[in-house]
Amino acid sequence: MSGAGGVGSRRAALLVAAVLGAALVVVLVVVPPWTLLPEPPGGPAPAEPSSVLPPDVLEQAESFAAALRPASLISLVLGLAVSAVLGLTRLGARLVRAVAAPLGGGRAAQVLLGTAAVVVVGRLATLPVSAYAEVVRHRYGLSTRGWGLWLRDVAVSTAISAVVTALALGGFLWLVRRAPRTWWAWAAAVAAGLVVAGSFVHPVVIEPAFNRFEPLPAGELRTRLLDLAEENGTPVQDVLVSDASRRTTALNAYVSGFGSTRRVVLYDTTLERLPDDAVASIVAHELGHVVHRDVLTGTLVGALGAASAVALSGWLLSWTPLLRRAGVQSPADPAVVPLVLLLLSVGGLLSTPVQNLVSRQVEARADLRALELTGDAGAFTAMQRELAATNLSDPDPPAAWQWFFGSHPTGAQRIAFAEDWQRLEDAG
Ligand SMILES: [Zn+2]
């Protein structure tokens, strides 16, 4: 990028990134429900972990978490380090050219094979840590996968990720070449569009590809769940049961579809393990997400975040010292791939605690809705205890860990919240 046009376009990218980023900050401050119960500010003190789980299960959950946390951190740091080495030295550029050489070294081969190579190298670097984590899950009885299936799962997910990323970067570099000064604006719009499209495609394409669904037979529970949805002001057409137990022991439920196709889906594991009152609590929580349009809001916020990140990358990728460090001539050079992937990882890492901060508030609001709909704090806390015991989740993880990785309030917080709600109900 040289000449007045390049500099102007660089400034424009930074300005747009700043404006979109500021809009994002405003949305993130205004949209989430920061206060849910009248007092105390910041929510009630978490319940004592020993009141959440029986002593032996608590000890198991805590030692399980203690064994897994270092693995997660090492995997995160290792992945980032590999990405940084490839993105910030000439090694990455060399890798991109080397893997394309047998196919003649053309531009398309460099972009597609180079991207796949960087993805695979990153996955291989963290593979031993993933294997260790799987050993830990086996030891605690949470995974029932054999090693053959584990390896197959790793291979399939790495392949999908390599192909999707390669196609995305192929499109990206095509745009950069077609519109050398304004690519970042087009790419920002495309990224936002892809976030929205993904959110709609997922329940329609991915869900049926992995699970089978059958209607919950007519009976007391079915009637009760349909009534709950009616009372929530978000009637559903059907209550379905998915065959989730083929893959997992986890308990879950969700609501998918829009308007007349909206339906409640229950994992068969949930129906097997939980009493009807607890199932009603879980479904009421999901209905809380529906009534507050959390999926739609999350999608739009995600689209805004993606657009501002791409605009910012338009500024960074025309910064000559950065390109020179990566051994790249211009952002249209296929050797830019490792640098783009590094920016993606760093962006993902930085946005994680922000996303989780918002997610925890939104989840707490769905909990509040569940309590209001069912009026049954006892069933809610019983459900939380059963979830914590089944998934061996530490009810009270270290604060820094929860701040960074926690997408939901902790079990101890959710139980204290329900008890506080009950106390206010009784007082009022
Ligand atoms: Zn939720």
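For ligands, and for the atoms within them, numbers begin at 1 and follow the listed sequence. Computation of the quantities below employed the complete heavy-atom set of this structure, encompassing side-chain atoms and omitting hydrogens, waters and symmetry-equivalent molecules.
- For His285, the N, O or S atom with the smallest separation from the Zn ion (ligand 1) is NE2.
- Remark: of the listed residues Leu24, Leu28, Val195, Thr299, Leu24 is the sole one forming a side chain to side chain contact (heavy atoms under 4.5 Å, CB included) with Leu304.
- For the pair Tyr132 and Ala67, the tightest heavy-atom approach, listed with the atom from each and the gap, is OH-O, 3.3 Å.
- Within the 2.8 Å limit, His408 places no N, O or S atom next to the Zn ion (ligand 1).
- The Zn ion (ligand 1) lies closest to atom OE1 when only the N/O/S atoms of Glu363 are considered.
- Salt-bridge annotation for Asp367 and Arg360: absent, with no side-chain N of the basic residue lying under 4.0 Å from a carboxylate O of the acidic one.
- The closest donor-acceptor contact from the side chain of Thr410 to the backbone of Gln413 lies under 3.5 Å.
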